[in-house]
Amino acid sequence: MFQDAMKVERLLEGLISTKDWKPFPGIESRDQWEKAANDPRLSLQVQAIRAYADEILNGDIDPLTGTMYMSFMTTGDRLVYEENYFRRRYELSHLVIAECLSAQGTYLDRIIDYVWAILGEVTWCVPAHNFAGEHEMVMFKEGNPWKADDPMPVPGDDYLDLFACETAATLAETCYLLRSVLLEKCPALYHRIHQEVDRRALQLLEGPKLYGWYLGRNNWTAWCAHNLLLTACYVVEDKSRLTSIAAKLMVPMQRFFDTIEDSGSCIEGPSYWMVSAGRLAAFTDLVETRFQMDLRSDKNQKFRNFGEHIAPLHIGENRFVNFADGSLKIDFDHGLISRYALKIGSEPLASLVWKDVERVARRKLGRSAKARGHNEYARQFLIHLTRLLFWTPDLPSDGEHVCERSVWLPDMQVMIARQSSTPGEGVMLSAIAGSNDLHINHHSHNDVGHFSVYLDGEPMVIDLGQGAYSKATFTDKRYDMWHISSEGHNVPEANGLRQRAGIGSEARDVLYAHEGQTSVLSLDASPAYFEAPGARSLNRKISFNHDTGEIVIEDEIDLGEPLESLLLPVHVRNCPVSVGDDGSCRVQGSSKALIFAADNLAVESVETITITDPRHLEVWGDQILRIRFAGQDLAHPRFTLRIRAEA
């Protein structure tokens, strides 16, 4: 897709022909900012941005201390530093947009203080990404020359990570939007910002060091490349240098695009699709508009498939099918995804955007700026807010999202089956065959054969999903975490054996079928339990009736030895659970209930699991439940669980 854009002469020719590049209006363009402010579809967002900016006009800027930075290496905690780091950029972004909307100078001094604080940070690279060997993407980085476990970053050896690139782009766009007022009030600060983003981002890109995201393996590539190219377009005046930077970034971006499956699936999960798809669209748009190149993205089927990947995963509101490190709740990159939808002319993608714009605004208005721990910081940095106001309005605001009732994503081996084609109505099922091999997906969980159930858009049988990242998350201790291990998923435990991770730990004999009103996923999970399963088998068949919404989970187990115990955990959200005299189990949702009926299984216990992880707390509250179904007649190892909505 980016092969032609690798040609320096083509890039330079397009750059020269673009004499007056203005991707967005500066603060002096009052008519355009007033138009955005007065768009009724954006009124709640504008109100929320202004209210947030007003609330942070006073008070201290969150500190970033040396001991906070050290905490990643000393305790494994990422959040103590990242919370304040992200809040600084989040708050600056809202102040900048609020000033552009009002142009009264109200927020300018506060903006200067935030910029000053960010420029004064010792490093823009977050601790989790600045130590050799401590993260999957931190490769090609030399270790500390003085002390291997030194918790401080090595001087002059900052890693060009996701958020160093994001910081550079945020500051560069701040200068672009506020150029006229900054040059009038404090031109030295304006030029200092340009020099610092050049020194701390662009010069690192141009230097001899290698970075893991150059390999194009995941979302890092699109995220870093877009921010760096955007930064360069804002601050680099020399056309030859800008062309050289652009050409260098085309290579990893082509590698990234090559890793996308033809079907468009994102094996990292929907929350990672959001950051990779949005940035792919924005990078593509930047190449096409700044360098006047037609990448023919609208005619590229893989590009189209990747853009529409999220649509069939929609459960309702901002909830999407989650697996591995994906999160149930996703905050949209509204402007970036709008641009993607426009490029491919996608009604399914476009229909998801506008309702979410209003939802995010209402949530922001309903929460104090001083509230901590929310998870949308990175979706509300300046890059997103500017495009929300000036790209999203290009999308039509009508249209409903309609989904196919049976979907198979072969690259991820995920089946999605619905009773209704309208998200948020009826019973919905998601199930995965998949793999526990981190070489296939470094965000994988031990979840071969896992299933989740939703009732009228409400998650009932759940996958906890992404937890708060720590130092241990991407180490060999990863699969010891209970929510990542098979203990935290709805898969069987036979003779006390749980699933393993590693090479070959994947489903075999995977079959998907959709015939008439039935969708079926069948698999043998034995390679996920045994390195050499041989003739042993843990067969699972998951069926869905699209008319009735009934789900049937059938497990047949042959371990090549007597089956002494069989446990099937089913994790459900915190809601009333009761067990009937007939052995059936009733799980009450907000308005309706799910009924579980079992053959050769009985409820052994209903456990309350206390949630302490910050990300899980935000999604699931302070507890969930685990219903433990135990096998009864182990000499006949066939076990069935039927799930239906209560009439």
Side-chain angles (χ1 to χ4, degrees), residues 72 75-79 82 128 134-137 218-219 266-273 320-330 375 412-414 430-452 459 461-494 496-507 525 527-531 538 540 567-573 607 609-620 623-626 628:
F72 172 72
T75 70
D77 190 327
R78 289 180 57 160
L79 297 184
E82 289 182 8
E134 297 298 337
H135 189 279
E136 192 268 346
M137 286 305 292
N218 56 36
N219 65 86
C266 179
I267 197 169
E268 295 175 289
S271 47
Y272 288 93
W273 171 89
F320 291 82
V321 172
N322 66 300
F323 39 82
D325 274 343
S327 177
L328 175 79
K329 296 181 179 180
I330 299 176
N375 195 26
M412 298 182 296
Q413 296 185 331
V414 168
S430 66
I432 184 169
S435 169
N436 301 339
D437 186 350
L438 80 169
H439 294 96
I440 294 175
N441 176 13
H442 71 287
H443 286 288
S444 69
H445 288 198
N446 286 353
D447 60 357
V448 170
H450 173 84
F451 67 96
S452 297
V461 178
I462 67 171
D463 184 331
L464 276 171
Q466 181 189 74
Y469 288 166
S470 68
K471 183 180 177 183
T473 301
F474 297 104
T475 69
D476 56 3
K477 295 181 174 60
R478 172 180 177 82
Y479 297 95
D480 295 336
M481 300 177 184
W482 81 271
H483 73 280
I484 291 178
S485 75
S486 60
E487 179 189 7
H489 294 85
N490 307 319
V491 296
E493 182 179 313
L497 191 65
R498 293 175 180 160
Q499 292 188 12
R500 67 186 186 93
I503 296 173
S505 55
E506 59 193 22
Y529 292 84
F530 305 100
E531 288 190 22
L538 285 92
R540 168 161 280 191
L567 175 66
L568 175 58
V570 176
H571 298 82
V572 299
R573 65 179 303 157
E607 302 173 345
I609 299 175
T610 301
I611 299 298
T612 58
D613 183 283
R615 289 194 174 175
H616 292 159
L617 277 168
E618 187 176 348
V619 176
W620 303 110
Q623 64 183 34
I624 64 167
L625 303 176
R626 178 191 287 143
R628 292 166 57 95

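Only heavy atoms go into these numbers, but all of them, side chains included; no hydrogens, no water, no symmetry mates.
Closest of all the heavy-atom pairs between Asn446 and Ala501 is OD1-CB, 3.4 Å. Residues Asp325 and Gln466 approach most closely at O-CB, 2.8 Å, considering heavy atoms. Between Pro614 and Leu79, the shortest heavy-atom distance links the atoms CG-CD1, 3.5 Å. Among all heavy-atom pairs drawn from Ala494 and Leu538, the shortest one is CB-CD2, 4.4 Å. Heavy atoms only, all atoms of each residue included: Val461 and Val570 are closest at CG1-CG1, 3.8 Å. Here the closest non-hydrogen pair linking Asn436 and Ala528 is ND2-CB, 3.8 Å.
Remark: side-chain polar atoms of Trp482 are not paired, donor with acceptor, to backbone N or O of Glu487 under 3.5 angstrom. Checking side-chain atoms of Asp613 against main-chain N and O of His616 turns up a donor-acceptor pair under 3.5 Å. Side chain of Glu268 to main chain of Asn218: no donor-acceptor pair is present (N/O by atom type, distance under 3.5 Å, no hydrogens or angles).
A 4.5 Å side-chain heavy-atom check between Tyr469 and Glu82 finds every atom pair outside the cut-off. Taking the side chain as every heavy atom from C-beta outward, Arg498 and Tyr479 never approach each other to under 4.5 Å.
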- Query: Which is it for Arg478 and Thr473 under the side-chain contact (heavy atoms from CB on, under 4.5 Å) test, yes or no, and what are the steps along the way?
  - Reply: CA-CA 5 Å; Arg478 172 180 177 82; Thr473 301; 3.4 Å; yes

- Can you list the steps and then say if Glu618 with Ser327 is a side-chain contact (heavy atoms from CB on, under 4.5 Å)? CA-CA 11 Å; Glu618 187 176 348; Ser327 177; over 6 Å; no

- Audit row: Val448, Tyr529, side-chain contact (heavy atoms from CB on, under 4.5 Å) steps and yes/no: CA-CA 10 Å; Val448 170; Tyr529 292 84; over 6 Å; no

- Task: Decide yes or no on side-chain contact (heavy atoms from CB on, under 4.5 Å) for Ile624 and Ile611, but give the supporting numbers first.
- Result: CA-CA 7 Å; Ile624 64 167; Ile611 299 298; 4.2 Å; yes

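If you take CE on Met412 and CZ on Phe323, they are separated by 4.0 Å, rounding to the nearest 0.5 Å. Interatomic distance, CD1 of Ile484 versus NE2 of His443, reported as 10.5 Å (0.5 Å rounding). Rounding to the nearest 0.5 Å gives a distance of 11.0 Å between CZ of Phe320 and OG of Ser271. With rounding to the nearest 0.5 Å, the separation of CG in Asn490 from CZ in Arg540 is 7.5 Å. Atom CG of residue Asp77 and atom NZ of residue Lys471 lie 12.0 Å apart, to the nearest 0.5 angstrom. We find the CG-CG distance between Leu497 and Leu567 to be 12.5 Å, quoted to the nearest 0.5 Å.
Residues satisfying the side-chain contact (heavy atoms from CB on, under 4.5 Å) criterion with Asn322, sequence neighbours excluded, are Leu328, Asp463. For Arg500, the side-chain contact (heavy atoms from CB on, under 4.5 Å) partners are Ser505, Glu531, not counting sequence neighbours. Here Gln413 pairs with nothing under the side-chain hydrogen bond (donor to acceptor under 3.5 Å, both in side chains) rule; sequence neighbours left out.
Each of His489, His571, His445, His483 was scored for a ring pair (Phe, Tyr, Trp, His ring centres under 6.0 Å) with His450, with one residue passing: His489.
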